[in-house]
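The block underneath contains the structure these notes are about, expressed in structure tokens.
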Amino acid sequence: MYKDVNNGELRKGDVGKSITVAGWVSRRRDHGNLIFIDLRDRSGLLQVVFNPKISSSAHKNAQMLRGEWVIQVSGDVVQRIKGSENPDLPTGDIELSADKLVVISRSKTPPFEVDDDLNIDDLTRLKYRFIDLRRPKMQALLKLRHDVTRTIWNYLSNQGFIQVETPILIKSTPEGARDYLVPSRLHKGQFYALPQSPQQLKQMLMVSGVERYFQIAHCFRDEDLRADRQPEHTQLDLEMSFVHQEDVVNLVEALFSTIVKEVRPTNSLSEPFIRISYDEAMERFGTDKPDVRFGLELNSITDIVSNLGINVFNKTLESGGTIRSLVLPGCGYFVRKQTDELIELAKSNGGKGLVFISIDNEINSIEKLSYENYRSPIKKLLSVEAVKSISNVTNAKPGDLIVIVADDYKVANNVLSNLRTEMGKRLKLYDTSEFSFVWVDNFPLFEWDDKESAWSAMHHVFSAPKQEDLEYLETDPGKVRAELYDLVCNGHEIGSGSIRIHDRRTQTRVFNVIGYTKKDIDERFRHLLDAFDYGAPPHGGMGLGLDRLIMILGGEDNIREVIAFPKTQAASDPLFDAPSFLGKSQIDELGILFKPTD
RNA sequence: GGCCCCGUGGUGUAGCGGCCCAACACGCCUCCCUGUCAAGGAGGAGAUCGGCAGUUCGAAUCUGCUCGGGGUCGCCA
């Protein structure tokens with residue numbers, strides 16, 4: 001070993017020891033005859049002092065040291081001179097009095113300093129990711145990620161799960177996201193696909209009798225990126241045989257509680273996890289991934305406003321829409337500019353607009369409301385009684401702003417839930433150190449796709465319909481609920497799972513609803529259906545987004561922060577410069593011909 | 001594919017029609033300095049303002065296109 005102790009681990013008790021350490025020069029403070037170096041390794045910083053009285057050659061060599069040089073230093077651990085201790089450093093009571101210095105490797109001046117809280121452009125960070133990752137914060141996130149996966153391995157192993165690796169080169173299936181494709185050399189004109197998830201493979205493993213499977217699996221999707229979406233992400237994939245929904249949910253809940261307690265013992269965790277149905281989530285929060293750390297619940301006020309003779313509302317109702325509202329506490333003072341901003345937000349989420357009622361705080365209760373106490377663009381049409389009843393249903397108080405959306409249920413929910421999330425953040429309505437997990441279940445199996453004019457699977461095609469809804473499969477698909485459950489944390493969907501179909505007949509019926517022909521089914525899913533014919537156990541499981549989980553646990557708001565080598569928004573890698581053009585021979589070998597681009 | 005924001009020495013920012021062949025901080029280089037820890041002091045180098053085209057007597061500044069980065073809708077679980 002080049003070092004016999006880690007820098008950050010040295011303490012007062014080590015005084016008197018003669019040691020050798022190694023690491024990167026973090027800072028140098030050259031006082032002429034006395035040179036201080038902050039030596040960094042993964043464990044932390046250690047101050048090294050070069051004193052010509054201790055070693056004139058070491059001191060002489062230390063004069064040329066620069067940032068990020070890799071060095072090896074030997075010397076004695078000594079107590080710092082009284083008054084010069086550094087309480088900000090764990091090693092601040094001691095220092096290394098150097099008597100030997102070896103320069104292992106020099107460094108160019110780095111493009112940016114290795115320091116947290118430095119606001120560097122993402123592109124530069126990614127180009128020099130190997131330096132970026134030296135920052136203590138990034139090291140801590142790498143460690144956090146390791147701790148989470150280790151906890152998963154330990155916990156699931158103890159629960160009888162075994163880890164099985166599944167192939168990365170598999171078959172393309174057209175449903176779901178766009179596949180990343182790999183051309184085959186041996187089968188010209190044919191392609192492999194990278195897995196969007198090991199879904200079908202793990203179901204096969206259940207048929208194989210593995211009973212309890214898990215994998216930290218890489219998943220690939222060739223779709224546009226977002227702050228919480230990378231083309232390549234990691235999921236904790238797990239599957240269990242002979243289980244019902246409760247069994248999977250309970251196991252995953254226990255696992256996630258363990259993870260949080262293990263890696264974030266001081267943060268607050270609400271237990272047991274809240275469980276609500278899809279319908280309730282939509283009704284109360286307008287989304288299937290509610291952040292329940294704060295209130296601001298939505299209300300339908302259709303009944304109250306339906307007979308006020310207000311044109312926008314009536315039109316919406318005639319076309320089957322609904323009137324929903326959200327109360328922003330203490331925002332009754334909002335001026336035109338602020339409400340306009342809310343309208344912009346609504347429009348960017350597909351809404352046509354918003355109606356506001358601002359209640360002033362001249363009164364101490366809604367009961368005392370009179371015509372002077374509220375403002376609204378539709379004030380002429382709103383009687384005191386109407387505002388009172390709206391306030392009562394929505395629980396609005398004096399000083400509040402009532403936001404109303406008239407649209408179809410889906411759009412109204414989308415608009416208000418995004419408004420809710422945004423305002424929850426702005427009004428600081430929640431504790432950022434809290435982890436609030438929610439189970440959402442009772443999802444519909446299908447949703448109607450307007451563009452395709454067809455039913456499509458809400459989650460994926462393998463989720464089992466609820467036993468009691470099987471009879472509606474052909475007659476009223478929209479009514480069929482699935483054995484489907486999502487895990488949500490702080491408003492992020494971090495996992496989703498289901499009890500799967502395990503027989504050919506039901507699976508075929510579901511395929512038929514989505515409009516797959518016999519030929520489609522045969523080409524895409526024969527392997528799975530064939531497997532079901534040879535004794536398939538009932539099974540179910542989940543896929544859980546590891547990157548998102550670690551992002552939340554790490555208090556980050558971008559998934560790139562918790563991935564060692566992430567891609568840019570255009571799915572490129574500035575460090576390796578991928579993707580890249582290929583040489584002619586490589587392409588010829590694959591039998592690929594390029595269309596000229598226009 | 002749509003919308004929004006950003007691009008100025010190595011890094012982060014200022015400048016937003018002439019005062020700018022561009023300012024500040026950090027970093028970098030040279031010298032001084034024995035208790036600093038964002039060390040200090042003195043001096044110095046370094047950007048034709050992402051690229052192209054245009055408007056103008058004059059462009060970092062205005063316009064168009066383009067490239068790159070970020071956010072978001074669509075898309076995606």
Side-chain angles (χ1 to χ4, degrees), chain A residues 26-39 45-54 59 63-64 66-68 78 80-89 91-92 95 97 107-128 131-132 175-179 196-197 199 219-231 233 235 288-289 344-345 347-351 414-415 418 422 443 447 449 451 456-460 463 484 486-488 492-498 542-545 548 557-558 560 567-570 572 574:
Chain A
S26 184
R27 275 219 158 70
R28 95 195 135 98
R29 293 176 291 280
D30 186 346
H31 287 232
N33 264 326
L34 203 57
I35 299 170
F36 298 95
I37 296 290
D38 288 338
L39 191 66
L45 293 176
L46 172 68
Q47 174 163 286
V48 180
V49 194
F50 292 92
N51 188 330
K53 282 183 182 163
I54 304 294
H59 176 266
Q63 287 177 330
M64 64 182 184
R66 292 297 181 269
E68 300 310 308
V78 298
R80 290 198 187 184
I81 289 171
K82 219 179 168 87
S84 70
E85 301 89 352
N86 184 351
D88 297 330
L89 278 184
T91 58
E95 62 195 10
S97 179
S107 168
K108 288 184 184 176
T109 301
F112 50 86
E113 291 169 72
V114 177
D115 196 359
D116 290 338
D117 310 316
L118 230 50
N119 184 27
I120 313 291
D121 174 61
D122 268 358
L123 183 62
T124 311
R125 289 181 59 197
L126 292 185
K127 223 173 196 159
Y128 295 92
I131 298 172
D132 190 41
E175 82 284 344
R178 191 178 296 113
D179 283 323
Q196 295 178 27
S197 88
Q199 181 61 34
C219 304
F220 306 86
R221 299 192 176 109
D222 189 2
E223 297 291 348
D224 288 353
L225 288 79
R226 288 289 186 281
D228 63 352
R229 270 163 34 192
Q230 281 273 310
H233 77 282
Q235 84 181 28
D288 59 1
K289 44 178 183 176
E344 276 313 304
L345 198 65
K347 285 184 176 163
S348 74
N349 285 295
N414 192 30
V415 167
N418 281 305
E422 178 62 26
F443 279 81
E447 64 186 337
D449 187 336
K451 270 185 294 184
S456 67
M458 185 128 182
H459 175 69
H460 60 54
S463 299
L484 217 164
D486 276 8
L487 182 59
V488 174
H492 295 271
E493 183 201 314
I494 56 169
S496 133
S498 62
M542 286 197 83
L544 297 138
R548 281 187 192 170
D557 50 20
N558 196 300
R560 287 190 300 269
K567 308 266 190 294
T568 67
Q569 193 163 61
S572 61

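Proteins come first, then strands; the chains are lettered A, B, ... in the order of their sequence lines, and each starts at number 1. Both backbone and side-chain heavy atoms feed into the values below; hydrogens, waters and symmetry mates do not.
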Problem set entry | Distance between P atoms of B/rC19 and B/rC3 (Å, rounded) |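 The answer is 36 Å between these two P atoms.
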Indicate, with a heavy-atom threshold strictly under 4.0 Å, whether [X] touches base, sugar-phosphate, or nothing.
X        : value
A/Gly543 : nothing
A/Arg28  : sugar-phosphate
A/Asp121 : sugar-phosphate
A/Gln199 : nothing

Would you tell me if any nitrogen or oxygen in the side chain of [X] comes within less than 4.0 Å of OP1 or OP2 on [N]?
X        : N      : result
A/Gln196 : B/rA77 : yes
A/Thr568 : B/rG69 : yes
A/Asn33  : B/rU34 : yes
A/Arg229 : B/rG71 : no
A/Arg66  : B/rC29 : yes
A/Arg226 : B/rC73 : yes
A/Ser572 : B/rG69 : yes

Closest listed nucleotide, where the reference is the side chain of [X] and the choices are [options]:
X        : options                : value
A/Asp30  : B/rC76, B/rG69, B/rC33 : B/rC33
A/Arg29  : B/rG69, B/rC37, B/rC73 : B/rC37
A/Thr109 : B/rC28, B/rC29, B/rC26 : B/rC28
A/Gln569 : B/rG71, B/rG69, B/rC29 : B/rG71
A/Asn558 : B/rU36, B/rG74, B/rG70 : B/rG70
A/Arg80  : B/rC37, B/rG71, B/rC76 : B/rC37
A/Asp224 : B/rA39, B/rG1, B/rU72  : B/rG1
A/Ser84  : B/rG35, B/rA77, B/rC73 : B/rG35
A/Asn119 : B/rG12, B/rC37, B/rG27 : B/rG12
A/Glu113 : B/rG70, B/rC73, B/rC26 : B/rC26

Problem set entry | Ring centroids of A/Phe112 and B/rU11 base under 5.5 Å with planes under 30° |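 A/Phe112 ring does not meet the centre or angle cut-off for B/rU11; no stack.
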For this session: Could you tell me whether the side-chain ring of A/His31 sits stacked on the base of B/rG35, using a centroid cut-off under 5.5 Å and a plane angle under 30°?
Result: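 Not stacked: fails the 5.5 Å / 30° test.
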Heavy-atom donor-acceptor pair, [X] side chain to [Y] backbone, under 3.5 Å:
X        : Y        : result
A/His59  : A/Asn33  : yes
A/Arg80  : A/Gly92  : yes
A/Gln196 : A/Ala177 : yes
A/Arg178 : A/Asp222 : yes

Exercise. Taking the side chain as C-beta and beyond, is there a heavy-atom pair between A/Met542 and A/Gln235 under 4.5 Å?
Worked result: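 No, too far: nothing below the 4.5 Å cut-off.
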Exercise. Between A/His31 and A/Phe36, is the gap from one ring center to the other below 6.0 Å?
Worked result: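 When the ring centroids of A/His31 and A/Phe36 are compared, they turn out to be within the sub-6.0 Å range.
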Watson-Crick/G-U partner (both atom distances under 3.5 Å) of [N]:
N      : value
B/rU48 : none
B/rG68 : B/rC6
B/rU36 : none

